[in-house]
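A short write-up of the structure that comes next.
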Amino acid sequence: MLNHRVLSPSGKPAVRRRRSLAVPARGARTEHVTTTRGQVATGVALLIVLTAGAYIPSPLYPGYQAQLGFSDLTMILIYATFALVSIPALLLFGPASDVLGRRKVLLASIVLSGAGSLCFLRAGSTFSLFLGRAFHGLALGAVTGPATACVIETSAAHANKYKIWASVLASSAFVAGTAAGPFFAGVLAEWAPLPGALPYLVHLGLLVVCWVLVLGLPRVGAASLRTWRPTAPRVPRKIRHLFLAAATTGFLSWTGAGIFLATIPTVLERTLPDATTAMTGSVLGAMLLFSMATQPLIVGISPIRMQILGLGLIGASLAVLALDGGGSIDVVLGSAVFAGAGHGLAYGGATAMLDGVTPAESRGGVNASLYLVFYLGAGVPAIAVGVLTSWWSMETAVSWMSAVAALASVAASGGIALVWTRRRRARRHDAATSELAAT
């Protein structure tokens, strides 16, 4: 600063400060906005690209099974390896991003995702498929917490409506990748050259772009790799009851999605003679597209109502799938659409409810804990279907698992509605009592 001595109105010396021209205030604000937008764009890109890579194999499993000759149980276990490996990765990397800084964890997740796609690119054995799924699980477990936090934390100083939109953006990016992976894999495998390789080559190219984006993030993190020790993610005590509700809803919403992603491509190819890879990929893509379409409704509907309605739709769609058994493409597509709409409402409502109350310093660990439950929901029921195929056909096993999941979803929807109604009545009663006491 440059100081210039003048006389004040009282005659005493005063100091008049001139603004330094070295760093204009307007430029500083522009730089901050650019950094914020870059952080959001990076978080969204990572969620889409790494999630897409993890779900590229979904419509290709029947082809791998025909090529390598493994059983239905093995195919389900290959799918579920991703979800099961994601759990320790979330436990490890979620809190790590809060301590080490997101940049280190995000770069590690890109490397792991690339390793997974390389395994599928050169898949010549069942072991390669298991290894590729393990790498994808580690990558998505590592990226989920810090990438979601990159998107959401920028809304901390804004109004509640802006925070809701940030939550919708993060959850929609995750679902967009889940939709894009199987859809484009099915289309490329059906009509493009190098059907078994091109989807993974495209994914590797996108990972290079993500690497460049992450290098543009600021270096933030107080600890080094030598001093950091793994710790389990913790949910603050004051939000644990909301976390439990969100986790239950998320588990069931991803159970519905997981049944489709893990089993429907195989069921359709066995029950429909004219089923193609593009068709199965489109069914999965349609389900998740409708999930994305319903998530923005959080702006006009409370998160609790979204969860109640979403679980009801999931229950109804899975009940229809259980009765049909995958015998009609029209029924399966309709069930997928309603399951996707229910998934978007339930999953979006659960994440928005929790994002609005999570302290900034705990965001990475809480996001990791929540998505841990989501991955369990996507993986455990799929494993149950694989075990059932030891006695029943794939179609029968899917029907029974869908029926169980439908009952659980409807029961959870009714339970949440009952608790919510009772609490609303209790709040109204307390408010009326307070008014009477005041008068």
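Given the structure is predicted, the values throughout are model-derived calculations rather than measurements. Heads up: numbering here begins at 1 and tracks the sequence.
- You'll find the side chain of R102 stays beyond 4.5 Å of the side chain of V214, heavy atoms only.
- Nearest heavy-atom pair, A247 versus V373, reported as atom, atom and distance to 0.1 Å: O-CG1, 3.3 Å.
- Inter-residue side-chain proximity for T351 and Q295 is flagged as unmet; no heavy-atom pair is nearer than 4.5 Å.
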N/O donor to acceptor pairs below 3.5 angstrom from side-chain atoms of residues 129-143, sequence neighbours left out:
{"residue": "R133", "atom": "NE", "partner": "Y61", "partner atom": "OH", "Å": "3.1"}
{"residue": "R133", "atom": "NE", "partner": "I78", "partner atom": "O", "Å": "3.4"}
{"residue": "R133", "atom": "NH1", "partner": "A54", "partner atom": "O", "Å": "2.3"}
{"residue": "R133", "atom": "NH2", "partner": "Y79", "partner atom": "O", "Å": "3.2"}
{"residue": "H136", "atom": "NE2", "partner": "S117", "partner atom": "N", "Å": "3.4"}
{"residue": "H136", "atom": "NE2", "partner": "S117", "partner atom": "OG", "Å": "3.4"}

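- In this structure, F184 places its CZ atom where only 12 or fewer heavy-atom neighbours from other residues, nucleotides or ligands lie under 6.0 Å away.
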Would you give me the side-chain donor-acceptor pairs under 3.5 Å for residues 301-316, sequence neighbours excluded?
{"residue": "S302", "atom": "OG", "partner": "R305", "partner atom": "N", "Å": "3.3"}
{"residue": "Q307", "atom": "OE1", "partner": "T249", "partner atom": "OG1", "Å": "2.8"}
{"residue": "Q307", "atom": "NE2", "partner": "P303", "partner atom": "O", "Å": "3.3"}

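- In this structure, T263 contributes its side chain and F260 its backbone to no donor-acceptor pair below 3.5 Å.
- The nearest pair of heavy atoms linking L60 to A185 is CD2-O, 4.2 Å.
- With sequence neighbours excluded, the residues satisfying ring pair (Phe, Tyr, Trp, His ring centres under 6.0 Å) with Y371 are F174, F374.
- From F338, atom CZ reaches atom CG of L333 across 10.5 Å, with rounding to the nearest 0.5 Å.
- Atoms OH and CZ, on Y375 and F82 in that order, are 5.0 Å from each other to the nearest 0.5 Å.
- Summarising the geometry, atom CE belonging to M75 is positioned 12.0 Å from atom OG1 belonging to T126; distances are rounded to the nearest 0.5 Å.
- Looking at L77 and F70, their side chains never come closer than 4.5 Å, going by heavy atoms from C-beta outward.
- A distance of 5.5 Å separates CG in L288 from CG in L261, rounded to the nearest 0.5 Å.
- Looking at every heavy atom in both residues, A319 comes nearest to A406 through N-CB, 3.7 Å.
- In terms of modelled atom types and a separation under 3.5 Å, the side chain of S253 and the main chain of G250 share a donor-acceptor contact.
- The number of heavy atoms from other shown groups lying within 6.0 Å of CZ (F290) does not exceed 12.
- Summarising the geometry of L47 relative to A170, their closest heavy-atom pair is CD1-O, 3.7 Å, with the distance given to 0.1 Å.
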(message) Determine whether S335 and D324 satisfy the following criterion, side-chain contact (heavy atoms from CB on, under 4.5 Å), listing intermediate values before the conclusion.
(response) CA-CA 10 Å; S335 179; D324 179 72; over 6 Å; no
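- No donor-acceptor pair under 3.5 Å is formed between the side chain of S291 and the backbone N or O of M287.
- In terms of modelled atom types and a separation under 3.5 Å, the side chain of T248 and the main chain of L244 share a donor-acceptor contact.
- Put simply, the side chain of E269 never gets that close to the backbone of A275: no donor and acceptor are under 3.5 Å apart.
- Here the side chains of Y200 and P57 are in contact, with some heavy-atom distance below 4.5 Å.
- Judged by distance alone, the side chain of S113 and the main-chain N or O of I110 form no donor-acceptor pair under 3.5 Å.
- In this structure, G124 and L68 approach most closely via the heavy-atom pair O-CD2, 3.8 Å.
- Side-chain contact check for R270 versus P62: every heavy-atom pair is 4.5 Å or farther apart.
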(request) Go through L118 and L204 one step at a time and tell me if the side-chain contact (heavy atoms from CB on, under 4.5 Å) criterion holds. (result) CA-CA 8 Å; L118 286 174; L204 290 170; 3.8 Å; yes
(request) For side-chain contact (heavy atoms from CB on, under 4.5 Å), just list the numbers for W211 and L107, CA-CA rounded to whole Å, side-chain angles, deciding distance to a tenth of an Å, and then say yes or no. (result) CA-CA 7 Å; W211 182 275; L107 290 175; 3.7 Å; yes
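- Looking only at distances, a side-chain donor or acceptor of R103 sits under 3.5 Å from a matching main-chain atom of L215.
- Using modelled atom types and a 3.5 Å distance limit, the side chains of S399 and S402 yield no donor-acceptor pair.
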(request) Give the intermediate values and the outcome of side-chain contact (heavy atoms from CB on, under 4.5 Å) for residues M394 and V385. (result) CA-CA 8 Å; M394 173 70 82; V385 171; 3.9 Å; yes
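- Contact annotation: the side chain of C150 never approaches that of T42 to less than 4.5 Å [non-hydrogen atoms, C-beta and beyond].
- V366 places a side-chain heavy atom less than 4.5 Å from the side chain of P236.
- One distance of note links CG of L376 with CH2 of W254; it measures 13.0 Å at 0.5 Å rounding.
- No side-chain heavy atom of V398 sits under 4.5 Å from any side-chain heavy atom of L388.
- The minimum heavy-atom distance linking G377 with P381 is given by the pair O-CD, 3.0 Å.
- Going from atom CG of L46 over to atom CG of L207 covers 9.0 Å, rounded to the nearest 0.5 Å.
- Counting non-hydrogen atoms of neighbouring residues, nucleotides and ligands closer than 6.0 angstrom, the CH2 atom of W400 reaches no more than 12 such neighbours.
- At most 12 heavy atoms of other shown residues, nucleotides or ligands fall within 6.0 angstrom of atom CZ in R122.
- The main-chain N or O of A405 is found under 3.5 Å from a side-chain atom of S409 such that the two form a donor-acceptor pair.
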